[in-house]
2 protein chains.
Amino acid sequence: MTLRILVVDDQALVRRGFAMVLDNEPDMHVVAESGTGVEAIEAAREHRPDVILMDIRMPELDGLQATAQILETQSESTRVIILTTFDPDEYVYQALRAGASGFVLKDIPPESLVAAVRTVADGGAMLDPTVTRRLIGRFAGTLSADQAYAERLDRLTERETEVLRALADGKSNREIAETLCIGAATVKTHVSNVLSKLDLRDRAQAVVFAYECGLARVGERDVGF
Amino acid sequence: MTLRILVVDDQALVRRGFAMVLDNEPDMHVVAESGTGVEAIEAAREHRPDVILMDIRMPELDGLQATAQILETQSESTRVIILTTFDPDEYVYQALRAGASGFVLKDIPPESLVAAVRTVADGGAMLDPTVTRRLIGRFAGTLSADQAYAERLDRLTERETEVLRALADGKSNREIAETLCIGAATVKTHVSNVLSKLDLRDRAQAVVFAYECGLARVGERDVGF
DNA sequence: TTGTGCCTCCCCCAAATGGGGGAGACGCGG
DNA sequence: CCGCGTCTCCCCCATTTGGGGGAGGCACAA
């Protein structure tokens, strides 16, 4: 079973390069090449590739939009690997949200590219190590990017952090008092301190902050309330 | 500059196997091997490795706890790759939260393992493709689990959903009124409906719900307020 | 036509919240 | 010893919030 591949890049030379590398593999076949986003959508509909190598920067329609459109409207078995020349930063999240299964830099060694294609065709996902790192950071809430948040966070005392955590659980002052075994008045004080130290207005904003800075994470609480 | 490596696995044969593969690389040196979690912590403190290959299942102290402890208490330059025999499922999130930079299956081909070590030593992260896929799913919010949430969500009218989105931005009723160009009284009505329909008590819980159900996502707003 | 649902706005009122003070107790370091 | 930060609790008070009603307009379907 050979893998049908579509290569999309506005630079013909780059396109040919990738295509040749992949076509050289016995179990891979480049069924089409496109130079623009709209062409890519066209080609994808016509050829139903297993894997699409997609550049981001392209005239007419960029790779991210093309990806989203292809994955939304067409078969869900197609996997997309986003290729980019530059430091993966702003585009990554858009790409992943668009449904990409891979995000690699163009300076990837040929054998790694081949491996990436096989991986995503197999249902896996392959990201540039930097991207993976950042994704983990997001998930674990440990990594920087939240640097500014972290600084704001450690303005809080230990107790105040506990209170913020409780706020992020959607608890009222009374409930916080009970879980921390302190008086309601004390909770009020702590909450006030949290708000003023973090420059927030109310507990709702505190909840937002808790999620954004990674103190609270999606999936850690049940919203049965 | 040669990479100093620590291999941790309770099975001596497996341990030796990985160690030999890595020691064979000219720029890598296995400085120690450990058979238990506590030994690993000891060895890490003594040898200060650049990269630790860590098995999960071990007597005395499992690899996840050992990882967390090492990364918490010791130098932050050490990178940990978690090795597991089994289908990566429950352990993944614990591993990432513990601070691991890698999560790979033991049946990884030797050259990939070597590449993984270089990648994490270089500041990147390397996950099994399956894990990466799942992480992306989490991030993109596409993954189900939110089924119950989705049901609750579509009890809301369009307008009410807009209001909930605004709530998730930490906006007050007055601000919501302005952004939606309606009266403050109307906002009150909508908020009340949102709360009662979703069975929530206050706007703080509404914010939590918005994040948990994927209506609001981390990184989509700046918490400058 | 007669609902029925949605959006809009109004009233009143009780409860929670947030801000401003102050104060006592404790521990830690100068 | 004294200051400083932290945790604990208290007071007063303005504002916000949330719940209970009601009501008009509008669109859409029975």
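Values reported hereafter were calculated over all heavy atoms of this structure, with side chains retained and with hydrogens, waters and symmetry mates removed. So that the names make sense, note that chain A is the first sequence line, chain B the second, and so on, each numbered from 1. Keep in mind that what you see is a predicted model, and the values were worked out from it rather than measured.
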Legend entry - side-chain contact (heavy atoms from CB on, under 4.5 Å), paired with B:Arg203, selected from B:Ile176, B:Val208, B:Val194: B:Ile176
Legend entry - Under 3.5 Å donor-acceptor, A:Arg133 side chain and B:Gly124 backbone: yes
Inset, instruction - Please list all pairs passing the salt bridge (Lys or Arg N to Asp or Glu O under 4.0 Å) test where one or both residues lie in residues 173-194 of chain A, with sequence neighbours left out. - result: A:Glu175-B:Arg201
Could you list the donor-acceptor pairs under 3.5 angstrom formed between side-chain atoms of residues 34-46 of chain A and any protein atom two or more places apart in sequence or on another chain?
unit_1, atom_1, unit_2, atom_2, d
A:Thr36, OG1, A:Glu39, N, 3.1
A:Glu39, OE1, A:Gly35, N, 3.2
A:Glu42, OE1, A:Arg45, NH2, 3.3

Legend entry - Pairing residues for B:Tyr211 by the ring pair (Phe, Tyr, Trp, His ring centres under 6.0 Å) criterion, not counting sequence neighbours: A:Tyr211
Enumerate donor-acceptor pairs with a distance under 3.5 Å from any side-chain N or O in residues 5-12 of chain B to protein atoms, sequence neighbours excluded.
unit_1, atom_1, unit_2, atom_2, d
B:Asp9, OD1, B:Gln11, N, 2.9
B:Asp9, OD2, B:Lys106, NZ, 2.9

Legend entry - Any residue meeting side chain to side chain donor-acceptor pair (under 3.5 Å) with B:Arg118, in chain and number order, not counting sequence neighbours: B:Glu25, B:Asp27
Inset, instruction - Not counting sequence neighbours, which residues clear salt bridge (Lys or Arg N to Asp or Glu O under 4.0 Å) with B:Asp169? List them please. - result: B:Lys171, B:Arg221
Inset, instruction - Name every residue in residues 193-211 of chain B that has at least one heavy atom under 4.0 Å from any atom of DNA chain C, in order of residue number, or write none if there are no such residues. - result: none
Legend entry - Backbone of B:Met126 reached by a side-chain donor or acceptor of A:Thr132 within 3.5 Å: no
Inset, instruction - Note the angle between the end axes of the helix from C:dT1-D:dA30 to C:dG30-D:dC1, five pairs defining each, rounded to 10 degrees. - result: 30°
Legend entry - Contacts of type side chain to side chain contact (heavy atoms under 4.5 Å, CB included), residue A:Leu195, not counting sequence neighbours: A:Val191, A:Leu200, A:Ala206
Legend entry - Covered region of DNA chain C, 5' end to 3' end, by chain A [heavy atoms, under 4.0 Å]: C:dT17 to C:dG19
Legend entry - salt bridge (Lys or Arg N to Asp or Glu O under 4.0 Å): pairs with one or both residues in residues 157-168 of chain B, sequence neighbours excluded: B:Arg159-B:Glu162, B:Glu160-B:Lys197
Inset, instruction - Test side-chain contact (heavy atoms from CB on, under 4.5 Å) on A:Asp199 and A:Arg152 and set out the steps. - result: CA-CA 9 Å; A:Asp199 199 27; A:Arg152 286 219 258 171; 4.3 Å; yes
Inset, instruction - Please work out which residues in residues 171-192 of chain B have a non-hydrogen atom less than 4.0 Å from an atom of DNA chain C and list them by number. - result: B:Ile182, B:Gly183, B:Ala185, B:Thr186, B:Thr189, B:His190
